[in-house]
Amino acid sequence: MKLFIDDAHLDEIKRLYEYYPVDGVTTNPSILSKVDQDPRKTLKEIREFIGEDDIIFAQAVALDADGIVADAHMIVDLLGKNTVVKVPSVPEGFKAIKQLTKEGIPTCGTVVYTPMQAYLAAKAGASYVAPYVNRIDNMGYDGVEVVKEIQDILDNSDFDCEVLAASFKNSQQVMELAQYGVGSATAAPSVIDGFVKNMAIDGAVQDFVNDFEKLTGKKAMTDLD
Ligand SMILES: O=C[C@H](O)COP(=O)(O)O
């Protein structure tokens, strides 16, 4: 499963890239609004840092299909190859996805709360569909189960489309979907850190250092004479 960072703060992106095997960055207008500068500058800085081989997702903001297509052109002009344009999975969005697919611009059907939305976005030509796990949970449904249903639909279709599961509250939700074979997930830095934030793990690592120090008086192999 590919793992993306759902954040736009460059310092956080740099930190996560240093420590974890991540595949790129996903954004939306709300995420960009948390960095107090022109969103085009933020996106460009992220692209410059991650390089042209990793994927960046940026969302069209306009509500009508023509505006979404125009936003998509601007996003791709700004960010170059390996850019995926997120488009809300609503009727104007499906119309835009069909047009962008004809133009060869990769899209992600986002704001997915139901399998029906995902089906229509994938059939319109989206390369990804992004169901919102935690937001679905908050509506009283089971977000992880909805993502599994969407994965089943894609597995039983000939659409060239992958699930990009989004909106996670915890790392266990991500792992359950990895186990199910979901192609991609995007998570906030705190959720990615949560994969290994565990006192048992930290304790075990420290025990090894303590035992080595008891034996040798040193804290690393390279400290030995
Ligand atoms: O772009 C969609 C986001 O991943 C949704 O995440 P959120 O529910 O944490 O805002």
Side-chain angles (χ1 to χ4, degrees), residues 1-10 12-13 16-17 20 22-36 39-40 42-43 46-47 50 54-63 68 71-72 75 79 82-90 92-94 96-97 100 106-115 117-118 120-122 126-148 150-151 161-178 182-195 197:
M1 183 176 74
K2 291 196 287 284
L3 180 63
F4 293 93
I5 303 168
D6 206 20
D7 200 276
H9 293 93
L10 197 56
E12 276 294 78
I13 292 168
L16 291 161
Y17 256 80
Y20 300 117
V22 290
D23 298 287
V25 175
T26 61
T27 66
N28 63 34
S30 304
I31 287 171
L32 289 172
S33 77
K34 291 177 186 151
V35 180
D36 192 17
R40 291 168 300 183
T42 304
L43 288 166
I46 295 170
R47 166 56 84 206
I50 68 174
D54 280 1
I55 301 175
I56 183 167
F57 290 74
Q59 191 163 325
V61 185
L63 290 175
I68 293 169
D71 276 1
I75 288 167
L79 301 174
N82 283 322
T83 298
V84 179
V85 179
K86 292 169 78 179
V87 177
S89 300
V90 296
E92 292 289 335
F94 302 138
I97 289 170
L100 292 167
T107 56
C108 170
T110 192
V111 196
V112 169
Y113 287 77
T114 69
Q117 285 177 282
L120 288 174
S127 304
Y128 296 85
V129 286
Y132 288 1
V133 173
N134 190 46
R135 296 195 196 191
I136 295 169
D137 282 355
N138 286 340
M139 291 169 68
Y141 300 97
D142 186 331
V144 166
E145 284 308 313
V146 171
V147 177
K148 289 179 179 176
I150 292 170
Q151 184 67 50
C161 183
E162 172 172 317
V163 171
L164 169 71
S167 180
F168 288 101
K169 190 174 56 184
N170 63 59
S171 43
Q172 180 52 32
Q173 293 170 322
V174 183
M175 280 302 92
E176 191 171 340
L177 293 175
V182 164
S184 292
T186 183
S190 61
V191 173
I192 296 175
D193 285 328
F195 278 52
K197 198 171 180 184

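Note that ligands are numbered from 1 as they come in the structure, with each ligand's atoms numbered from 1 the same way.
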Once salt bridge (Lys or Arg N to Asp or Glu O under 4.0 Å) is applied, do any residues pair with Lys148, and if so which ones, sequence neighbours excluded?
Glu145, Glu176
Taking side-chain contact (heavy atoms from CB on, under 4.5 Å) as the definition, give me every residue that meets it alongside Pro39, ordered by chain and number, with sequence neighbours left out.
Leu32
Shell of residues surrounding ligand 1, defined by a 4.0 angstrom heavy-atom cut-off that is strict:
Asp6, Asn28, Lys86, Tyr132, Arg135, Ala166, Ser167
Could you tell me whether Tyr128 and Phe57 have their ring centroids closer than 6.0 angstrom?
yes
Determine whether Tyr132 and Thr110 satisfy the following criterion, side-chain hydrogen bond (donor to acceptor under 3.5 Å, both in side chains), listing intermediate values before the conclusion.
CA-CA 8 Å; Tyr132 288 1; Thr110 192; 3.0 Å; yes
Without swapping roles, check the side chain of Gln117 against the backbone of Val111 for a donor-acceptor pair under 3.5 Å.
yes
With a cut-off of 3.5 Å and sequence neighbours excluded, list every side-chain donor-acceptor pair involving residues 182-190.
residue : atom : partner : partner atom : Å
Ser184  : OG   : Glu162  : OE2          : 2.5
Thr186  : OG1  : Phe4    : O            : 3.4
Thr186  : OG1  : Asp6    : N            : 3.4
Thr186  : OG1  : Thr26   : OG1          : 2.5

